[in-house]
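Just so we're on the same page: letters track the sequence lines, and every chain starts at 1.
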Amino acid sequence: MNTASSDLLTLVFGIFGVLIFASAIGYVLQWRFAAAGPNAAVDNLNARIKAWWVMVILIGIAFIAGRAGVLILFAFCSFAALREFVTLINTRRADHWALASAFFVVLPIQYYLLWAEEYGIFAIFIPVYAFLLMPIISVLRGDTERFLIRIAEVQWALMICVFCASHVPALLTLTIPGYEGRNVLLIAFLVIVVQLSDVLQYVWGKLFGRTKIAPNLSPSKTVEGFVGGVISATLIGASLWWITPFTPFQAGVLAFIITIMGFFGGLVMSAVKRDRGVKDWGNLIEGHGGLIDRLDSVVFSAPIFFHIVRYWWSLS
Amino acid sequence: MKIMIAEFAAAAFVLFARAITAVRAIWPEHGLPSRPCVYFANHSSHGDFVLVWAVLPPRLRKQARPVAGAEYWLKSKVSTFIGRDVFNAVLIERERENRTQDPIALMTTAIDEGSSLILFPEGTRNQTDARLLPFKSGLFHLVSARPDVDLVPVWINNLNRVMPKGEIVPIPLICTVTFGDALRIAPNEGKDAFLERTQAALLALAPKPLGSGE
């Protein structure tokens, strides 16, 4: 067994340990509050923990399946996220072909480019080619009503759900000296830090949260939750340096950047939800809401993390 | 053999509809009636009854039969197979002049045999900006003949955006199917009052338009 898979195994056991611990707490809470009748907060917590088991197992299977597995998993995430996003935007019949090509042409090409490791075109395909071609497809139908809003929303949906999300599996294409064959652990590092930061912000907020940090955007987010979550997630990130090509200090700095981007990503996506008048992006993941509700912070941190690692560590 | 192909095709339709729309049902407070009933829904796309069908629990799905226009479904061999064998539709003739069979009699026979009906009382697909077209009188004539049958309003949301008329490629969008509490015709209720009440019950299930803020 090489070091990548033995490290991955250690990581998986660690995550299972955390999940077993969380499930046990959820079970005890349910048992203690059972007498007081149904408790929505505890039920939601348990639904969330159950969904975490499913998500961890799915990602685990993708990691075992290798590059193809990871690409297919994230292509499906992009598909489901784009579906949630487009459901909420102002489309008109004239956008039909533009939207159909977003789902069935642009998305597959973006992931194919990752598979073919064509970094040059991967990095500009959606920001340049899709950006120019999609409005052309829309304009051919001759419907000018709210035209700017429509084309801008479709482009934004593609940037968030496909372009940014595809930067998670893009970590596999980096060539880091002394880190060959271990890139999948970079994905694990990014996803673990972002998601733990979300969870810890929630936990710190529930325990000590008093001061609302953005009452207009996200009434559940507090200053105490934010500070506690960012500090603890940064420390956990630093302590995961052994699965990365970084020193403990570098791992901490990167984890800090990831958590900050994730936090503000969550705020931006909350504002979009408010604008559209919905509470959740969808209902795909029980207890969490839609896929974008879980993915929003990953989407904002992935491209930044990718480019920092690519610039300072990677040869390709 | 034919039955197997039909069952396989039905499963494929449901799977495809689910993959594209991730369709989710919203159930009424008091649950669905377990006896045969009439589901009446808004109509904006050919896929409408597939969605209703897809979200119904298997036991209720087996007894549910869509009511559809015979002229449309009996046009070709393939569509006849899909209409008759795959979806087991009650095919009625919509044009009054050349009718050979009474649509109401066909529907009551199906109910008497223990089937539920999926009915689109607007009579045709709604291509307008109005949320609902005025109901045709068929629903009223049906319940006049069978006044003790439960009527379940069903609002299908977003499917018109997935595949507007004339398009061949569906756009993946999340759809919901909202079931309301069952209602019945009141004794001595007139046609206009009844149709107005059923339309209102259906419209009450429609979600508020997007972007209306909070």
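- Across all their heavy atoms, Val169(B) and Ala100(A) have their closest contact at CG1-CB, 4.0 Å.
- The heavy-atom pair separating Arg83(A) from Ala19(B) by the smallest distance is NH1-O, 2.6 Å.
- When every heavy atom of Thr87(A) is checked against every heavy atom of Ile174(B), the shortest pair comes out as OG1-N, 2.9 Å.
- Chain A is approached within less than 4.5 Å, heavy atom to heavy atom, by no residue from residues 25-62 of chain B.
- Atom CZ of Arg184(B) is surrounded by more than 12 heavy atoms from other residues, nucleotides or ligands within 6.0 Å.
- In this structure, the portion of Phe104(A) lying under 4.5 Å from any heavy atom of chain B is its side chain and not its backbone.
- Among Ile171(B), Ile20(B), Asn160(B), the residue with the largest count of heavy-atom pairs under 4.5 Å with chain A is Ile171(B).
- When heavy atoms are compared at a cutoff of 4.5 Å, Thr21(B) approaches chain A solely by way of its backbone atoms N, CA, C and O.
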Tabulate below the donor-acceptor pairs under 3.5 Å that side-chain atoms of residues 125-144 of chain A make, not counting sequence neighbours, or state none.
| from | atom 1 | to | atom 2 | distance (Å) |
| --- | --- | --- | --- | --- |
| Ser138(A) | OG | Asp95(A) | OD1 | 3.2 |
| Arg141(A) | NH1 | Arg93(A) | O | 3.2 |
| Arg141(A) | NH1 | Glu167(B) | OE2 | 3.4 |
| Arg141(A) | NH2 | Glu167(B) | OE2 | 3.0 |
| Asp143(A) | OD1 | Glu145(A) | N | 3.0 |
| Asp143(A) | OD2 | Arg92(A) | NE | 2.8 |
| Asp143(A) | OD2 | Arg92(A) | NH2 | 3.3 |

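- Counting all heavy atoms, side chain and backbone alike, Arg161(B) lies closest to Thr91(A) at NH2-OG1, 3.1 Å.
- Other residues, nucleotides and ligands contribute more than 12 heavy atoms inside 6.0 Å of the CD atom of Gln127(B).
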